[in-house]
Amino acid sequence: MGIDIGKRPRANGQPPCGRCPDMDHPGGWNVKTQWLDYVLSTVLLTVLSALALGLAGLGSFWLTRPLLGPYFPIADLALALLGFGLGAALAGHIVIRRSGLGPGDYAMDSPVFTAWKLYTVSYEFGCSALRPFTSMFARPLVAKLFGATVGRDIALGGTLVDAHLIRIGDEAIIGQGSVVTAHAIVSGRIILKPVEIRRGATVGVNAVVMPGVIVGERAIVAGGSVVAMDTVIPPDELWGGAPARRIKSLASGSA
């Protein structure tokens, strides 16, 4: 029997693992992978690599070699990584549009689940390729490239999983080591639900925010907390724990 991680924490009281809170059993992953997943992922990565190397080759011939002399390989590597990352973002958008990868409850043998895995491959490899160019201030831009809706003046120190289903309001803070995910794998099915972190809200360090969650304006999720699936945190409240519960109101004059 699967464990509904959206409703209760793991038995040892710890939050799900950082990047992939897909705990259908205490050992961790329980994701059905088919040969088609390997084929599609290999084709995707091969095409992206070929495009990246082609971009680097053209850049080397026309730009970096004439301008930089013996230092051109460094610039060529940067061009290849940048081309791979941008190509992965484009591939992710194509997968979303062609597959209808949106909110829902899907079986592991459904085409949508296959599309989700392909999108995840493009997202993970693309973010890795762009990491050398991604300072703390550039992280929101990378999230936007992969489909996240991101407001102004946000601080993004954590990880967004399923970026295309995540909306972050102006001046929100996503703390270091935190995970905001729009998917959960429960009892052999994948659940996709949008997540919204509203204006001025804070997700604390190492916190986990699960699918379907809404964190209201100026609300705070305490560090290390696990916000269960479909939880709605009202504005101006402090929540914490695993699963997270209301601790107090943050509104002026409230207890």
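Residues satisfying the salt bridge (Lys or Arg N to Asp or Glu O under 4.0 Å) test with Arg199, not counting sequence neighbours, are Asp170, Glu171. Annotation: side chain to side chain donor-acceptor pair (under 3.5 Å) contacts of Glu217 (sequence neighbours excluded): none. The salt bridge (Lys or Arg N to Asp or Glu O under 4.0 Å) search around Arg198 returns Glu196, not counting sequence neighbours.
Taking 4.5 Å as the limit, some side-chain heavy atom of Val161 sits within range of a side-chain heavy atom of His183. You'll find the side chain of Ser178 reaches within 4.5 Å of the side chain of Val203, heavy atoms only.
With respect to Lys193, the salt bridge (charged side-chain N to carboxylate O under 4.0 Å, His left out) criterion is satisfied by exactly one of Asp230, Asp105, Asp162: Asp230.
Each ring-ring contact (aromatic ring centres under 6.0 Å, His included) pair with one or both residues in residues 142-163, not counting sequence neighbours, appears once here: Tyr123-Phe146. Evaluation of the ring-ring contact (aromatic ring centres under 6.0 Å, His included) test over residues 185-223, restricted to residues two or more places apart or in two chains, returns none.
Here the shortest heavy-atom pairing between Gly158 and Arg139 reads N-NH1, 4.3 Å.
The aromatic ring centres of Tyr38 and Trp35 sit 6.0 Å or more apart.
To the nearest 0.5 angstrom, Ile190 atom CD1 is 5.0 Å from Ile185 atom CD1.
Hydrophobic cluster of Ile94: the remaining members, joined at side-chain heavy-atom separations below 4.5 Å, are Leu90, listed by chain and number.
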